[in-house]
Participant: 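Take a look at the following structure, please.
The chains referred to below are lettered A, B, ... by the order of the sequence lines, with proteins before strands, and numbering in each begins at 1.
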2 protein chains.
Amino acid sequence: MKAKPRVSRRSGCPISIALEIFGDSWSLLIVRDLMFKGLRTFSEFFCSEEKIATNILADRLARLESAGILTKGADPADARRVHYRLTEKGIDLAPAIVEIVLWTTRHEQTDAPPNLLRAMRSHREQFLADIRKRWASG
Amino acid sequence: MKAKPRVSRRSGCPISIALEIFGDSWSLLIVRDLMFKGLRTFSEFFCSEEKIATNILADRLARLESAGILTKGADPADARRVHYRLTEKGIDLAPAIVEIVLWTTRHEQTDAPPNLLRAMRSHREQFLADIRKRWASG
DNA sequence: CCGGATCCGTTTCGATACTG
DNA sequence: CAGTATCGAAACGGATCCGG
């Protein structure tokens, strides 16, 4: 299925928000899983806790790819597998995702790992640098 | 109209994201307009650039209210008008919204006021403190 | 006028079944 | 494994109507 660029009449706003990603639950979850959980393949996303339907998953992966947030390629180890990776643009979502996660844990009760949260909150710059480094290396 | 709590099977995730707000375009735009543009009333939101339909607007305001992100009250100046304000929980969305806006301006071309962006980027803590102060004063 | 509620055609979603 | 195809259900959006 092709990612239909549903035309938005909401552009031209002085203070704008990229709704293509931030307005959509699935896109947000996919990026989070890619960034923090190390998920890479179609079936890993499909089997994750969110129970996304295969057609929606395919659609969102296509949209995110055409938005330049992730790229699709053959797994170097196993050529049958397709591999999704964040682009530079995608990795750059980290600060926003971190703030979103922090707000969520402050205001809804979650069972997020406390040490991870502490790293996000108290050593923000270090934490973001680590994410970048992890992606740079491989 | 009541805010229907469309049940999510996506909870229990170690690193969670509050999809109720970050997963919905309109909610995000309403909070942004409340936070940065000073919009307060139903008709101000309705007449804003986004061209939201009245039923959708009413639904999202109700959802955001029941999520504890904003409150509804009579305008002290004009009792006929209804006034929407961010709660503490809503104001606390500022860091996330700021990162979202910064990412958007970095990666899509927008015509956001450059001095505003500079304030967000270079004097982040001061900028966030100012938002809080503005809301504390009334 | 202001703040919605209701109706209704269109679009999107989501579950499942199916395919290369 | 990595997706399409299909189809009923839900959400959207526009227009109009309504109570205060």
Participant: Which part of the nucleic acid, if any, lies within contact of A:Phe45, taking any heavy atom under 4.0 Å across all strands shown: a base, the sugar-phosphate backbone alone, or nothing?
Facilitator: nothing
Participant: What pairs with B:Gln126 under side chain to side chain donor-acceptor pair (under 3.5 Å), at least two apart in sequence or on another chain?
Facilitator: B:Asp130
Participant: To the nearest 10°, let me know how far the axis at one end of the helix from C:dC1-D:dG20 to C:dG20-D:dC1 is tilted from the axis at the other, five pairs an end.
Facilitator: 30°
Participant: Tell me which donor-acceptor pairs under 3.5 Å the side chains of residues 86-98 of chain A have, and how far apart each pair is, sequence neighbours excluded?
Facilitator:
residue : atom : partner  : partner atom : Å
A:Thr87 : OG1  : A:Gly68  : O            : 2.6
A:Thr87 : OG1  : A:Ile69  : O            : 3.1
A:Thr87 : OG1  : A:Lys89  : N            : 3.3
A:Thr87 : OG1  : A:Gly90  : N            : 3.1
A:Glu88 : OE2  : A:Arg132 : NH1          : 2.7
A:Lys89 : NZ   : A:Ala67  : O            : 2.8
A:Asp92 : OD1  : A:Arg132 : NH2          : 3.1
A:Asp92 : OD2  : B:Arg106 : NE           : 2.7
A:Asp92 : OD2  : B:Arg106 : NH2          : 3.3
A:Asp92 : OD2  : B:His107 : NE2          : 2.6

Participant: Can you name the side chain to side chain donor-acceptor pair (under 3.5 Å) partners of A:Arg124, sequence neighbours left out?
Facilitator: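 Here the qualifying residues are A:Glu99, B:Glu99.
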Participant: Name the closest nucleotide to the A:Ile56 side chain, picking from C:dC13, D:dC12, C:dA5.
Facilitator: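 Of the options given, the side chain of A:Ile56 lies nearest C:dC13.
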Participant: Could I get the full list of side chain to side chain donor-acceptor pair (under 3.5 Å) partners for B:Ser16, not counting sequence neighbours?
Facilitator: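 Not a single residue meets the side chain to side chain donor-acceptor pair (under 3.5 Å) criterion with B:Ser16.
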Participant: Which nucleotide in the list D:dG13, D:dA2, D:dT6 gets nearest to the side chain of A:Thr41?
Facilitator: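 Of all the options, the side chain of A:Thr41 is nearest to D:dA2.
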Participant: When you get a sec, tell me which of D:dC1, D:dC12, C:dG4 is the closest nucleotide to the side chain of A:Ser43?
Facilitator: D:dC1
Participant: Give the nucleotide from the list D:dG3, C:dG14, D:dA15 with an atom nearest to the side chain of A:Ala58.
Facilitator: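 Ranking D:dG3, C:dG14, D:dA15 by closest atom to the A:Ala58 side chain puts D:dG3 first.
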Participant: Choosing from C:dG4, D:dG3, C:dG14, which nucleotide comes nearest the side chain of B:Val82?
Facilitator: C:dG4
Participant: Taking side chain to side chain donor-acceptor pair (under 3.5 Å) as the test, write out the residues that go with B:Asn115, two or more places apart.
Facilitator: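 Result, side chain to side chain donor-acceptor pair (under 3.5 Å) vs B:Asn115: none returned.
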Participant: Could you work out which one of D:dG13, C:dG14, D:dT4 sits closest to the side chain of B:Ala53?
Facilitator: D:dG13
